[in-house]
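Notes to accompany the following structure.
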Amino acid sequence: MTQRASAATQRRSIGRQLKAAREAFFPDRARKELPLTEAAAALHVSPRTIRRLEGGEVKPSYLLVSGACRLYRLDPEATARLLEMVEQADEDEWHEKYRQDISPWLVQLLDLEAVADRMRVFGVNIPGWCQTPAYAAALATSDPHYVEDHDYARRLAEIRVHRAQNVFDRRTVDVSVVVDEAALLCQVGGPDVMREQREHLRVLARKANVVIRVLPLTNGARAAAKGEFTLLEFDDPKEPDLAYAETYLAGQYSVKATMLQELRWTYDRLVAQSVHLKEYER
């Protein structure tokens, strides 16, 4: 496992342990857990900060984690172990220099894409790590950031390249993508850019561990009426599977079994409604 991957998984592990400690904490027999809002108040942070820390979405602060250990009355050995993990989880990631271009809620997804054993993605648009630099740069011109900073297009293309390397440079990851046909018909950047993008998808689809399918517009009602989503699955039993979906307002993560089950069912339905890329292009 790479250092980058280690930092990502360490953050998740710290979050899970702190959440378990908070939920197991009880100062007396009348109250058997410490609610998130009370923990946040005692630690002088917002409930959202605690929620993101427990979800592994942010770098853990040494002061915050040590304060939480004292608040939850963890023993010295458990505290020392967690604080040692904080140092390992504080490694700089490749995306640090693109901080101004990446939404805060996307950071965890970028890290975990590099370590997931299986990825299932339904994209209304072509998924980021399947995009060519030219396609990504052309797409960036429709982003509000581009109005103020034309260099944003170049940086976005670089981010896409990094994400693609994290996914496709690993032969051990099993990648399955269903992309809406509309994404292939939309002329992002013009005919030449789209021609290159479609050829790039063909090249990716020839990899033994990659399957790319297309959901035809003629199929009518789709299983994923609520929009695109990503499923990341891990062989390590300590790493819970994860679902991710994004809106204009935020990105949402879930490890709930009911949500994962629903999205797996939805993805299976999308596969049944779609066709292989090579069959679509015949």
>> Are the side chains of Ser66 and Arg70 in contact, using a 4.5 Å heavy-atom criterion?
In response: yes

>> For residues 159-185, which residue pairs pass the ring-ring contact (aromatic ring centres under 6.0 Å, His included) check, not counting sequence neighbours?
In response: Trp94-His162, Trp129-Phe168

>> Just so I know, are the side chains of Arg155 and Gln100 near enough to count as touching, which here means a heavy-atom distance under 4.5 Å?
In response: yes

> Is the side chain of Arg170 donor-acceptor paired with the backbone N or O of Ala114 at a distance under 3.5 Å, no angle test?
Replying inline: yes

> Near Gln187 CD, under 6.0 Å, is it more than 12 heavy atoms from other residues, nucleotides or ligands?
Replying inline: yes

>> More than 12 heavy atoms of other residues, nucleotides or ligands under 6.0 Å from CD of Glu33: yes or no?
In response: yes

>> Here's a test for you: under salt bridge (Lys or Arg N to Asp or Glu O under 4.0 Å), which of Arg16, Arg22, Arg48 qualifies with Glu54?
In response: Arg22

>> Tyr146 vs His150, test: ring-ring contact (aromatic ring centres under 6.0 Å, His included). Steps then yes/no.
In response: CA-CA 5 Å; Tyr146 182 79; His150 284 198; 4.2 Å; yes

> Is there side-chain contact between Gln17 and Met85, with at least one heavy-atom pair below 4.5 Å?
Replying inline: yes

> What are the two closest non-hydrogen atoms of Leu64 and Thr49, and how far apart are they?
Replying inline: CD2-CG2, 4.0 Å

> Which atoms form the tightest heavy-atom contact between Val107 and Tyr253, and what is the distance?
Replying inline: N-OH, 4.4 Å

>> For a 4.5 angstrom cut-off between non-hydrogen side-chain atoms, does Leu18 reach Val65?
In response: yes

> How far apart are the closest heavy atoms of Ala21 and Leu74, and which atoms are they?
Replying inline: CB-CD2, 3.7 Å

> Taking C-beta and beyond as the side chain, do His145 and Asp101 meet within less than 4.5 Å on heavy atoms?
Replying inline: no

> Who else is in Val124's hydrophobic cluster (ILVMFWY, side-chain heavy atoms under 4.5 Å, direct or via others)?
Replying inline: Phe122, Val178, Leu215, Phe229, Leu231, Met259, Leu260, Leu263, Tyr267, Leu270, Val271

>> Counting only heavy atoms not in Gln252 (residues, nucleotides, ligands), do more than 12 fall under 6.0 Å from its CD?
In response: no

>> Donor-acceptor pair, distance only, cut-off 3.5 Å: does the side chain of Asn166 make one with the backbone of Glu113?
In response: no

> Near Gln165 CD, under 6.0 Å, is it more than 12 heavy atoms from other residues, nucleotides or ligands?
Replying inline: yes

